[in-house]
Amino acid sequence: QVQLVESGGGLVQAGGSLRLSCAASGRTFSRSAMGWFRQAPGKGREFVAAISRSGGRTYYADSVKGRFAISRDNAKSTAYLQMNSLKPEDTAVYYCAVRNTISVSISAHEYDYWGQGTQVTVSS
């Protein structure tokens with residue numbers, strides 16, 4: 001079992017920045033690929049970013065490329081999502097997720113453990 005707890009969400013004006021954190025406990029975090037997803041009201045869960053277990057490979061949705069950065073600190077069992085130049089369309093609940101494998105995926109259904117989510121609201 002893996003427990004994930006997100007933090008760092010909040011209300012920010014367009015153009016601002018936020019840094020989300022995802023603290024993991026349980027299964028060895030360093031052996032797992034992980035990702036960030038988001039879900040806006042009335043929409044499905046959307047891929048945002050993913051990172052390999054070592055942190056050497058990262059993947060981004062086109063909508064956030066160049067503005068968001070995913071990273072991880074395996075010594076702290078924590079992953080991060082730095083979000084810059086935020087736009088109102090980034091408003092959503094953001095979730096971190098972990099896979100029971102080292103392979104990275106951009107598909108939500110391939111992730112095994114999920115956090116409870118943290119709300120990000122970007123005002124115009």
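A quick note: this is a predicted structure, and the numbers were derived from the prediction, not measured. Numbering starts at 1 and runs along the sequence shown.
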Practice task
Could you pull out the closest heavy-atom pair between Leu18 and Gly8, with the gap in Å?
Solution key: CD2-O, 3.8 Å
Problem - Side-chain (Gln39) to main-chain (Glu46) donor-acceptor, under 3.5 angstrom - result: no
Fill in the blank from the handout: Applying ring-ring contact (aromatic ring centres under 6.0 Å, His included) to Tyr95 and not counting sequence neighbours gives none
Practice task
In sequence, state the C-alpha distance, the side-chain angles, and the governing distance for Ser123 and Gln13, and then conclude on side-chain hydrogen bond (donor to acceptor under 3.5 Å, both in side chains).
Solution key: CA-CA 5 Å; Ser123 63; Gln13 288 188 330; 5.0 Å; no
Handout entry: Note, Gln82 side chain near Ser71 side chain (heavy atom, < 4.5 Å)
Key = no
Problem - Over all atoms of both residues, closest heavy-atom pair of Ile70 and Met34 - result: CD1-SD, 3.9 Å
Practice task
Classify the angle between the aromatic ring planes of Phe37 and Trp114 as parallel (below 30°), tilted (30 to 60°) or perpendicular (above 60°).
Solution key: tilted
Completion exercise
Taken to the nearest 0.5 Å, the spacing of Asn100 CG from Gln1 CD works out to 9.0 Å
Problem - Distance-minimising heavy-atom pair for Ala61 and Phe47 - result: CB-O, 3.4 Å
Exercise for the section: Could you tell me whether the side chain of Phe29 reaches within less than 4.5 Å of the side chain of Arg72, counting heavy atoms only? Expected result: yes
Problem - Arg67 side chain reached by Met83 side chain, heavy atoms, under 4.5 Å - result: no
Fill in the blank from the handout: All heavy atoms of Tyr60 vs all of Ala49, minimum pair found to be CD2-CB, 3.7 Å
N/O donor-acceptor pairs under 3.5 Å from side chains in residues 102-109, not counting sequence neighbours:
residue : atom : partner : partner atom : Å
Ser105  : OG   : Ser107  : N            : 3.0
Ser105  : OG   : Glu110  : OE1          : 2.5

Exercise for the section: State, without any angle test, whether Thr78 and Asp73 hold a side-chain donor-acceptor pair at a distance under 3.5 Å. Expected result: no
Handout entry: Verdict with supporting geometry, Leu86 and Phe68, side chain to side chain contact (heavy atoms under 4.5 Å, CB included)
Key = CA-CA 9 Å; Leu86 283 161; Phe68 290 12; 3.8 Å; yes
Problem - Single-linkage hydrophobic cluster, 4.5 Å side-chain cutoff, Val93 and Tyr80 together - result: no
Handout entry: Tyr94 vs Leu81 side-chain heavy atoms within contact, under 4.5 Å
Key = yes
Practice task
Please report the C-alpha distance between Arg53 and Ser32 in whole Å, then the side-chain angles of each, then the deciding distance to 0.1 Å, and finally whether the side chain to side chain contact (heavy atoms under 4.5 Å, CB included) criterion is met.
Solution key: CA-CA 5 Å; Arg53 61 175 179 168; Ser32 305; 5.9 Å; no
Exercise for the section: Indicate the atoms forming the closest heavy-atom contact of Cys96 with Glu6, along with that distance. Expected result: N-OE2, 2.9 Å
Completion exercise
Of all heavy-atom pairs linking Ala97 and Leu4, the shortest is CA-CD1, 3.9 Å
Exercise for the section: Report the residues that fulfil side-chain hydrogen bond (donor to acceptor under 3.5 Å, both in side chains) with Tyr59, sequence neighbours left out, ordered by chain and then residue number. Expected result: Arg57
Problem - Glu89 and Thr91: CA distance, side-chain angles, deciding distance, side-chain hydrogen bond (donor to acceptor under 3.5 Å, both in side chains) verdict - result: CA-CA 5 Å; Glu89 51 263 45; Thr91 295; over 6 Å; no
Handout entry: Verdict with reasoning, Val98 to Asp112, per side chain to side chain contact (heavy atoms under 4.5 Å, CB included)
Key = CA-CA 6 Å; Val98 164; Asp112 303 288; over 6 Å; no
Practice task
Might you work through the salt bridge (Lys or Arg N to Asp or Glu O under 4.0 Å) test for Lys87 and Asp90, ending with a clear yes or no?
Solution key: CA-CA 5 Å; Lys87 304 175 181 179; Asp90 294 319; over 6 Å; no
Practice task
Answer yes or no: is there a donor N or O on one side and an acceptor on the other, between the side chain of Arg38 and the main chain of Val120, under 3.5 Å?
Solution key: no
